[in-house]
Amino acid sequence: MTEQKRISNALKFEVTGQCPESRARAGVVTTAHGEIETPIFMPVGTLASVKSVSVEELKSCGAQIILGNTYHLYLRPGMEVIEHMKGQHRFMNWDRPILTDSGGFQFFSLAKLAKFSDEGVSFQSHIDGSRHLFTPEKAVEIQSILGSDIMMSLDWCIGHPADKRETLEALKKTTLWAKRGVTYWQEHGAPNALFGIVQGGMYKELRALSAEQLIDLDFPGYAVGGLSVGEPTELMYEMADHTVPLLPAGKPRYVMGVGTPQNLVELVGMGVDMFDCVMPSRNARNGQLFTEKGTINISNARFRLDDAPIDETCQCDTCRNYSRAYLRHLYKTRELLAYRLNTIHNLHFYLNLMKEVRQAIRTGTYLTFKRQFYSKLQE
RNA sequence: GGUGGGGUUCCCGAGUGGUCAAAGGGAUCAGACUGUAAAUCUGACGGCUCAGCCUUCGGAGGUUCAAAUCCUCCCCCCACCA
């Protein structure tokens, strides 16, 4: 009998700073494509592209790692292209780490096209209606071909509200699939790391159960999934605050799909290391821009003659070079440049926020930072 | 000068007796967006003392219980002919 590889060895994580008065911590994750500093925000690049910006621009925004999506890339361009192009990194010319979501979220957001079973998820493509089967093994296989530095286990994400029976069923399936993913990973010797995803809806005991079952599988990192799925923010915080401490302190902890700048600052204080969210990129394309003092909608008439940058304190390429009046004009006229410049700003804002958060944790001033963050918002 | 077509709420444009403050676009204004089917979606868009009332469909008259819609005259625009 061959000795099984320990999946937890697939990724290195080192805690480099801890905030004394909260659970916030800073750290470094080492992947096949280099290190990332935590807490970190990961821009979402579903289709091997963070919409509207180039990888050069992403780097200038300070992006250290980005997301890709298994479901979307499997459908288009398809695995033949990815294999031929030797993986997602080379395909899109991004040489830093990539984390891919397993597709679990798509089976939630495209639920009418998906059918769940022990085997996996059979679904119809949202593009052409063709039928496909995703198993936990296949999810790992596809992500290996994509060359993801961090792969996500196939999970069953449910919305809010959901009754306990339904939540438990999704949780059980998520654990079963996690086990099968780990087994597949061990049998095929994938070099990529695989994270487990805690489910359990808004039930604390189910969150605990899910965490416990996944910890047994000894993943190198853990995600908390199924948050920000329609529940009030306070409930989301409550669930995160309950779940995150149950996860191993020596491994990265990732809250999936969250959130607003305030969400990130709060969750960091609960010990979360990694985040992703479409908000900065999508909202940029929809005209909502983030500033220290809160969000603005660049299409508002009050910016028509405004010669100031989006945010006076921002050092992004957009703020250093362009006025609100110009950005409003670009947005109102649907000039393509609007999407790009807005996205650069929002991503820079998020990434810079995390940079400041890391700095504050390392210097033991996280709580002060948090206070200042909120007081600026109120100005 | 003749013949034909037309002037509708910010713009384009439906509507040809009541169900019309008037379809549909656009523009404008505001909002939403949380592991991206999203450069998307929603709402407002004549005025007011707002479940009602007032003003509006080139202008002025008229017919009718009732007119953006029918009649008369006038003004303006477009096409073709001379």
Side-chain angles (χ1 to χ4, degrees), chain A residues 41-53 65-73 75-76 99-114 123-129 139 143 148 150-160 174 195 197-199 222-233 235-237 240 254-264 266-267 272 274-290 295-304 328 330-343 346 350:
Chain A
F41 176 78
M42 308 180 281
V44 180
T46 307
L47 280 159
S49 153
V50 175
K51 296 186 194 300
S52 88
V53 293
I65 173 174
I66 59 172
L67 251 70
N69 187 277
T70 307
Y71 167 88
H72 287 286
L73 292 170
L75 289 178
R76 283 193 306 202
L99 180 151
T100 44
D101 186 23
S102 60
F105 188 76
Q106 277 59 48
F107 303 130
F108 159 66
S109 63
L110 302 168
K112 29 187 189 312
L113 300 170
F123 65 96
Q124 278 187 277
S125 158
H126 69 282
I127 301 159
D128 63 5
Q143 292 180 86
S148 314
I150 300 173
M151 309 186 288
M152 299 306 297
S153 182
L154 187 66
D155 69 326
W156 183 342
C157 179
I158 53 164
H160 176 79
T174 298
F195 280 19
I197 305 175
V198 176
Q199 289 293 340
Y222 290 90
V224 179
L227 292 181
S228 266
V229 290
E231 78 282 14
T233 302
L235 182 54
M236 186 265 278
Y237 287 155
Y254 163 30
V255 168
M256 306 184 79
V258 177
T260 64
Q262 293 94 309
N263 291 164
L264 301 195
E266 289 298 330
L267 292 170
V272 179
M274 301 165 69
F275 303 92
D276 79 280
C277 189
V278 303
M279 188 170 276
S281 45
R282 177 188 289 168
N283 290 22
R285 296 192 307 280
N286 293 334
Q288 188 183 74
L289 304 175
F290 292 87
T295 60
I296 63 168
N297 194 323
I298 198 63
S299 72
N300 285 182
R302 65 194 168 105
F303 301 125
R304 201 170 70 87
R328 169 176 141 91
L330 292 179
Y331 185 75
K332 296 293 284 182
T333 53
R334 308 256 129 190
E335 278 296 314
L336 298 184
L337 185 57
Y339 306 114
R340 183 169 145 222
L341 295 180
N342 289 350
T343 302
N346 275 0
Y350 266 64

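All figures in this text were calculated on a predicted structure; none of them were measured in a lab. Every chain is numbered from 1, with letters handed out A, B, ... down the list of sequences.
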Counting only Watson-Crick or G-U wobble pairs whose two distances fall under 3.5 Å, which nucleotide matches [N]?
| N | value |
| --- | --- |
| B:C73 | B:G59 |
| B:G46 | B:C54 |
| B:A66 | none |
| B:C80 | B:G2 |
| B:U16 | none |

* **Residue whose nearest RNA chain B nucleotide is more 5′ - A:Ser299 or A:Lys51** =>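 Checking each residue's closest nucleotide, the 5'-ward one belongs to A:Ser299.
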* 5' priority, RNA chain B, between A:Thr295 and A:Lys112 [closest heavy atom] ->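 Nearest-nucleotide comparison on RNA chain B picks A:Thr295.
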Distance criterion of 3.5 Å, no angle test: do you see the side chain of [X] paired donor-to-acceptor with the base of [N]?
| X | N | result |
| --- | --- | --- |
| A:Asp276 | B:G35 | no |
| A:Arg282 | B:A38 | yes |
| A:Ser109 | B:U36 | no |

Please determine, for the side chain of [X], which listed nucleotide ([options]) has the closest atom?
| X | options | result |
| --- | --- | --- |
| A:Arg334 | B:A37, B:A39, B:G31 | B:A39 |
| A:Arg328 | B:C29, B:G35, B:A39 | B:C29 |
| A:Cys277 | B:U34, B:A37, B:A39 | B:U34 |
| A:Ser228 | B:G31, B:G35, B:U34 | B:U34 |
| A:Asn263 | B:U34, B:G31, B:G35 | B:U34 |
| A:Asn286 | B:U36, B:C29, B:C33 | B:C33 |
| A:Thr233 | B:U34, B:C33, B:A37 | B:U34 |

Under 4.0 Å between any heavy atoms, over every strand shown, what does [X] touch: base, sugar-phosphate, or nothing? Just pick one.
| X | answer |
| --- | --- |
| A:Gln106 | sugar-phosphate |
| A:Gln199 | base |
| A:Ile197 | base |
| A:Asp155 | base |
| A:Leu67 | sugar-phosphate |
| A:Gly226 | base |

Could you tell me the separation between the [atom1] atom of [X] and the [atom2] atom of [N], rounded to a whole number of Å?
| X | N | atom1 | atom2 | result |
| --- | --- | --- | --- | --- |
| A:Leu110 | B:G35 | CG | C1' | 13 Å |
| A:Arg285 | B:U36 | CZ | C1' | 7 Å |
| A:Phe105 | B:G35 | CZ | P | 5 Å |
| A:Asn300 | B:G31 | CG | C1' | 9 Å |
| A:Gln124 | B:A37 | CD | P | 17 Å |
| A:His126 | B:U40 | NE2 | C1' | 14 Å |
| A:Met279 | B:A38 | CE | C1' | 13 Å |
| A:Leu73 | B:A37 | CG | C1' | 14 Å |

Using the [atom1] atoms only, state how far [M] lies from [N], rounded to an integer number of Å.
| N | M | atom1 | value |
| --- | --- | --- | --- |
| B:A23 | B:U64 | C1' | 27 Å |
| B:C12 | B:G17 | P | 25 Å |
| B:C57 | B:A68 | C1' | 4 Å |
| B:G25 | B:G13 | C1' | 8 Å |
| B:C20 | B:U8 | C1' | 12 Å |
| B:G43 | B:C11 | P | 25 Å |
| B:G59 | B:C65 | P | 25 Å |
| B:A79 | B:G47 | P | 36 Å |

Looking only at side-chain N and O atoms, does [Y] offer a donor or acceptor that is under 3.5 Å from a partner on [X]?
| X | Y | answer |
| --- | --- | --- |
| A:Thr343 | A:Ser52 | yes |
| A:Tyr237 | A:Asn263 | yes |
| A:Gln199 | A:Thr174 | no |
| A:Asp128 | A:Ser125 | yes |

* Angle class for the A:His72/A:His126 ring planes (parallel below 30°, perpendicular above 60°, tilted otherwise)? ->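 The arrangement is perpendicular - the two ring planes meet at more than 60°.
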* Geometric class of the A:Phe107/A:Phe123 ring pair [parallel <30°, tilted 30-60°, perpendicular >60°] ->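 Because their plane-to-plane angle lies in the 30° to 60° range, the rings of A:Phe123 and A:Phe107 count as tilted.
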* Checking A:Asn297 side chain against A:Ser299 main chain: does a donor-acceptor pair fall under 3.5 Å? ->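 Yes: the side chain of A:Asn297 pairs with the backbone of A:Ser299.
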* Asked: Does A:Glu231 use its side chain to pair, donor to acceptor, with the backbone of A:Val229 at less than 3.5 Å?
  ->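 Yes, A:Glu231 side chain to A:Val229 backbone: donor-acceptor pair under 3.5 Å.
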